[in-house]
Amino acid sequence: PTRASLAARFDWYGFSSHVTQSMLRAVNRQSERRVRAILAAMAVLAVALYILRDRIKDHMSEEAAELTSRAMQQESVRTSAEVVGKALAHEILHDPNVASAAGKLVWDVLQQRETKDAALELVA
């Protein structure tokens with residue numbers, strides 16, 4: 001057999017297709033292993049976070065309290081907090097919607113039978 005006749009009988013397309021499919025399967029298996037490893041690591045992390053949630057919450061609360069304490073020790077922060085607090089209180093007290101809601105709340109409380117009975121008992 002000559003070289004030309006061997007080349008003619010050999011199916012290069014089939015060989016190429018087979019090699020490509022084998023490589024794709026190998027890459028797919030490798031990718032699946034990586035995805036499983038990542039999912040397992042995430043599951044372990046989630047379980048650890050769930051188990052340690054109280055400790056984490058306590059630690060974060062302590063850190064926040066310490067940070068707030070340090071911040072409030074600075075005069076400029078205290079002054080800024082006071083200014084913001086006063087401005088907020090002023091806005092709330094002078095907001096027509098808040099005044100309307102507060103008036104409605106007081107009216108609703110005064111219309112309740114329990115409030116009327118308590119008022120009569122207080123006066124009597």
Side-chain angles (χ1 to χ4, degrees):
T2 65
R3 191 177 212 185
S5 66
L6 285 175
R9 281 190 276 168
F10 188 74
D11 182 14
W12 284 104
Y13 179 75
F15 176 73
S16 173
S17 176
H18 176 70
V19 170
T20 302
Q21 288 177 357
S22 296
M23 288 176 62
L24 286 175
R25 280 193 295 272
V27 169
N28 189 20
R29 284 190 301 271
Q30 188 178 21
S31 295
E32 285 176 357
R33 284 193 299 268
R34 285 183 181 162
V35 167
R36 286 183 184 139
I38 290 170
L39 290 175
M42 290 174 65
V44 168
L45 180 62
V47 169
L49 287 174
Y50 180 76
I51 291 171
L52 299 172
R53 70 186 182 279
D54 290 332
R55 287 184 185 172
I56 293 170
K57 182 179 69 171
D58 291 343
H59 179 71
M60 295 301 288
S61 297
E62 289 172 6
E63 290 293 323
E66 185 178 334
L67 179 64
T68 303
S69 175
R70 285 184 190 171
M72 291 309 288
Q73 288 175 357
Q74 295 179 3
E75 183 66 31
S76 62
V77 174
R78 278 198 310 254
T79 303
S80 295
E82 187 178 320
V83 168
V84 169
K86 286 179 180 178
L88 181 63
H90 183 269
E91 284 296 317
I92 289 173
L93 292 175
H94 292 90
D95 185 351
N97 294 330
V98 172
S100 173
K104 183 178 180 334
L105 174 67
V106 169
W107 179 256
D108 290 344
V109 169
L110 290 175
Q111 295 305 311
Q112 292 178 358
R113 184 71 196 152
E114 295 86 9
T115 305
K116 291 179 181 177
D117 291 344
L120 288 175
E121 188 175 312
L122 183 64
V123 174

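Heavy atoms only: backbone and side chains are in, while hydrogens, waters and symmetry mates are out.
Looking at E75 and R78, a side-chain N of the basic residue comes within less than 4.0 Å of a carboxylate O on the acidic one, giving a salt bridge.
Linking Ile, Leu, Val, Met, Phe, Trp and Tyr residues whenever their side-chain heavy atoms come within less than 4.5 Å places L45 and L52 in a single cluster. Taken together through direct or relayed side-chain contacts under 4.5 Å among Ile, Leu, Val, Met, Phe, Trp and Tyr, M60 and L49 form part of one hydrophobic cluster.
Between atom CG of residue L105 and atom CG of residue L110 there is a gap of 9.5 Å, rounded to the nearest 0.5 Å. Put simply, CD on Q74 and OG1 on T79 are 11.0 Å apart, with the number rounded to the nearest 0.5 Å.
In the displayed structure, E121 atom CD is contacted under 6.0 Å by at most 12 heavy atoms of other residues, nucleotides or ligands. Environment of CZ in R34: sparse, with no more than 12 heavy atoms of neighbouring residues, nucleotides or ligands closer than 6.0 Å.
Side chain of S80 to backbone of S76: a donor-acceptor contact under 3.5 angstrom is found. Under a 3.5 Å cut-off, the side chain of T68 and the backbone N or O of A64 do form a donor-acceptor pair. Judged by distance alone, with hydrogens and angles left aside, the side-chain atoms of R36 form no donor-acceptor pair with the main-chain N or O of R33 at under 3.5 Å.
Nearest heavy atoms, T115 versus V109: OG1-O, 2.7 Å.
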inquiry  = One pair to check against side-chain contact (heavy atoms from CB on, under 4.5 Å): E63 and H59. What are the steps and the verdict?
reply    = CA-CA 6 Å; E63 290 293 323; H59 179 71; 3.5 Å; yes
